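Step one of this worksheet: look at the structure below.
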Amino acid sequence: MTALLERPMKTATPTHAAPPLDAQTTETAPPVPPSLADEEMVLEVRDFCLWYGAKQALFDLSLKFPKGKVTALIGPSGCGKSTLIRSINRLNDLIDSVRYSGDMLLNGASIFGKTVDVIELRKRTGMVFQKTNPFPMSIYENVIYSLRIDGENRKSILDETVERSLQRAALWDEVKDRLNESALQMSGGQQQRLCIARAIAAEPEVLLMDEPCSALDPIATGKVEELIYQLRGLYSVIIVTHNMQQAARVSDYTAFFYLGQLIEYDATDKIFTNPGKKQTEDYVTGRFG
Amino acid sequence: MPTLTEPPPPAASPRAYRRTTSPAVRLVDKFTTALITTGGLMVIVAVIGILVYLVSVVLPLFRGATLTAAGRYPLLTPDRVNQLWTLQLDEHQHRGFILDRQGKLAVFDVATGKILSDEPILPATPAITAFTRTLRGGYIGLGFADGTIRLGRIRFTDAGAEAVLEDPLTIGKKDVPVHRLDYKVSDRREVVTVLKADGELVWDEVTRRENILTGKITTKLAKHDLPYQPPAGHTNLPDYLLQNSQGDQVFLAWRDGTVQRYDLRTIDRPLIAETTDFTPEPGIELTNLQFMFGDQSLIAGDSAGSVTAWFRVHRPEAGTADQYRLVPAHKLEAHTGPITATDMSTRDKCFVTGSTTGDIWLRHMTSKRVLSRVTLEKSIRATHLTPKGDAIFALDSAGHAHRWAVHNPHPETTWQTIFGKVWYEGYDHPDYTWQSSSGNDDFEPKFSLIPLVFGTLKATVYSMLFAVPIALLAAIYTSQFLDKRLRMPIKSTVETMASLPSVVLGFIAALVLAPIVENRLLQVLATFLLIPVVVLLGGYLWQMLPRHVTLRWEGWPKFALLLAGVFVAVLVGRVISSPLEAWLFSGDFKAWLDGRVGTAIPGIATLAWPVCLAVVWYAQHKIITNRLNQTLAGRSRVVVGVIELGKLLAILAAATALAWITGMILTQFGMDPRGSLVGTYVQRNTLVVGFVMGFAVIPIIYTISEDALSSVPEQLKSASLGCGATQWQTAVRVIVPVAMSGIFSAIMIGLGRAVGETMIVVMAAGNTPLMDVNIFNGLRALSANIAVELPEAVKDGTLYRMLFLAAVSLFVMTFALNTVAEIIRQRFRKRAFQL
């Protein structure tokens, strides 16, 4: 994992006006698949480029994520899926050398605009990480963390949020009797579902998942996948995964990235059964990766 | 596109290599294992060895004395034993003499008991009616039936002993026998007090004038009559007459225990200061009364075998004529039979008591300890502790002499005297005192480690109060907020601070900082209060700035503004300190600290202010925050900023008001911080030590806790930030709790450094072994004490061993601290373990 740094904002000031370094290499974005056209969109990525120092990691991405659906981002390691997802809540700001151009719109509001309050933005998005990372607190406190930091102290609201979030995360029945125990005593799968509960407690407009099952055993993975499947409709989920079967199982739409570029973006069925591009076909059939 | 590379073709002739470990490798492995094991064991052995050595040096402090029988022989006839005035041995235990009531001086060989000469030193008449001798110097005074006294001296010579007596001096009425007398010789004066059989009590100062022509010395007495007013019911004359060597206290005592004390500090106005009873229980008689070496304590032995040390303490409330009172300060272990003989050491507070039951005990007054005891079959008639304190000589009722060699290196130290309160002569009450040396001979060293332990803890607490907040906040700032590129240079710079020798810091503290703090005390204190307030206000103002400005000023401008804020705080402190002083502390802060001017209100208010601030903050957090947040939701940044700033100012004002009211209320109840937490200002004080020692421990605490904070897993930070927490919220709610074990070790290591720190406290703390929490007073730490006093400690002497005990105590303190710290750290660690 990339080392994160302490100062988020200084060098990560949006370099909106800066032209892409290498405009020649960008391909024209693939057309929005027909089925996608019917969807209401929650997040729109516009001509987004990103550089780590001098190295460009994302090339002129433009795509829209549908509301209330699960969208999977697939592609080989280093293709920029995680970079993209971490750009949505601007966690990449923490890396000093990151620069970007282009913008994203979350429900129509700019993410990289000059007057955007990053803290506010992050409150509108929820994120689940590759490695389970519950805080060393009780299960209860973990779930309401985002409410606590907003100064919410009313017990009724907190209790209600804990129950709702844990139920949605399919964890309530397992932990309702030990809400005050340390979250670190839970199993890995439970911890990851707790992280999901924590992310949805704040009712995010978009839920970002960065390979949420890669550190879990198959049974726990199964449970988390089932949970993600159930979350459709309630939340707009963007999930990065290495696991093609997982993408096929949980997602409605799938975007295939390769070397920082969007190759193909379509309904999951289409990507896995009848991909439009040779590269996509090679990847989903396991010929490379 | 990645392609699978073919495995390399097998080499044409694969080199055959052994799959066994070569003997050389095994040998090296064995050798290094042995070396490392030996090294490790040696370290453990060395540490244990040092500890064992320290303890072995310390242990003799707690051993009593040992007596070794050195001979017994018949010396006198039983009749003559009951006729003794005095018994003395020379300092080499070569010759001894006895003087009996007939005036015969018998000199004997100590080793064999052979009487070498037995001559009268006086004509047969007039009869001797009273005798006194001084504890040191061999001066004697004799009173006669014809009302005269003779002063003189008995000294050991090569031949044995010789008595030199001056011509008789007539005191009071002629032919009225002298009943009792006491004669004291000191560097400054010679005094003799005489009680005649008719109740005439005379105090005389002896002056000698030498005729330059004839060389003849004439002795003159400057006579002062004292009122003789025996207490009611005492028709007989007193049985004891004692005076101290200054001659300003005279005691008359009767066998029933009644003691009358005269205060003669102004000799023209003699005062019967008090009458007290040394043996309050009925039927018990005072059988022995003598001054302890130093002439301050009276050792009273009674017919019940009790031994009590009495001395005079200042007790204005007791209602005595001179506001002093005799108190039974030390009640020592009692013999089973009446006390018949006592003799005092001439170098410390040891003495020997003998009883009718044949017990001879070597005791120490202050420690109340019986150092050693022996028992004879017969009643004891006389005891003598030799001038060097290295032998006890006793005569029993059969006239037999007994001699013991004494090994008594550390009579004054017990657990009680070292770690408990001890009532030293002249002190008003038992106390913890460290005072190892003094100018005069009869000084009693006072070895209580408690003031030193207290000093160590005081210096540590105040320096930690200064260092911990600064170091921790700095660590949080560098690890969580600072640009990564700046982090390493700043960290290294702070670590360089640690390489400053502490002697340099101490030097700066003593010669630069102490005078500055002394001259601008209030300014320094005000600045310390102002800096956080100004920075906090700056934060609020920052929030009110439009966002595009804050974004542009992020980085260096913000940092510069922060520094400017600190500068402003210093400036404001400078400007407001003197009006503040005039307004709150009657214009003179140090006089206020002395308690000479002003009321306690400002002091209490200042001390209570942080607490009040916390209370107000908590209250508003509970009551207002939620509602305010709801009201403010959606308002513009500037509006919110103004309201929040107003809230802050209101909170500060409320806290100040609350503190002031607290001060007024507590003052009504008579509370005053002066005399406890604050008090008289001394230039070398704990505040200065706190600053500088804080400066010395900041780098350690900073660097270790910074490491701990930086090593908190990134995913936790990401998770918290991803939830929309600010960096400060992330740091306080997630990073710090997770890093707590490391932060805790950092604080504990800093604490260990502060406890053991020597040079700074030596140079800047004033080295006054006081038990005073006053931050403006000095202190003496264990470590500083060792450094200061070791050069003057005689090897294997009591002070020497006490310093080793101080070292052991220091070791025990740091050991205990570290153990507790480790236990707590492990608990924190267990909590954070599964991350």
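These values consider heavy atoms only, across backbone and side chains, with no hydrogens, waters or symmetry-generated copies. Labels below follow one simple rule: chain letters A, B, ... track the order of the sequence lines, proteins then strands, and each chain is numbered from 1. Since we're looking at a predicted model, the values are computed, not measured.
Between A/L91 atom CG and B/E714 atom CD the span is 10.5 Å, to the nearest 0.5 Å. Going from atom CZ of A/R90 over to atom CG of B/L721 covers 13.0 Å, rounded to the nearest 0.5 Å. Annotation: the span from A/L147 atom CG to B/C723 atom SG amounts to 10.0 Å, rounded to 0.5 Å. Atom-to-atom distance recorded for A/F135:CZ and B/R733:CZ is 10.5 Å, nearest 0.5 angstrom.
The two residues B/V734 and A/Y145 make their nearest non-hydrogen contact at CG2-OH, 3.4 Å. When all heavy atoms of A/K123 and B/G724 are compared, the closest pair comes out as NZ-O, 3.0 Å. The nearest pair of heavy atoms linking B/A725 to A/I119 is O-CD1, 3.7 Å.
A/R148 touches chain B through backbone and side chain together, each having a heavy atom under 4.5 Å away. The part of A/N89 that comes within reach of chain B is its side chain, from C-beta onward, which places non-hydrogen atoms under 4.5 angstrom from that chain.
Chosen from A/D150, A/D117, A/T125, the residue pairing most often with chain B at heavy-atom distances under 4.5 Å is A/D117. Between chain B and the residues A/R198, A/M127, A/E120, the largest count of heavy-atom pairs under 4.5 Å involves A/R198. Taking A/N153, A/T132, A/V128 one by one and counting their heavy-atom pairs under 4.5 Å with chain B, the maximum is reached by A/N153.
Under a 3.5 Å cut-off, the side chain of B/Q729 and the backbone N or O of A/I149 do form a donor-acceptor pair.
The side-chain heavy atoms of B/P737 and A/M137, taken from C-beta on, include no pair separated by under 4.5 Å.
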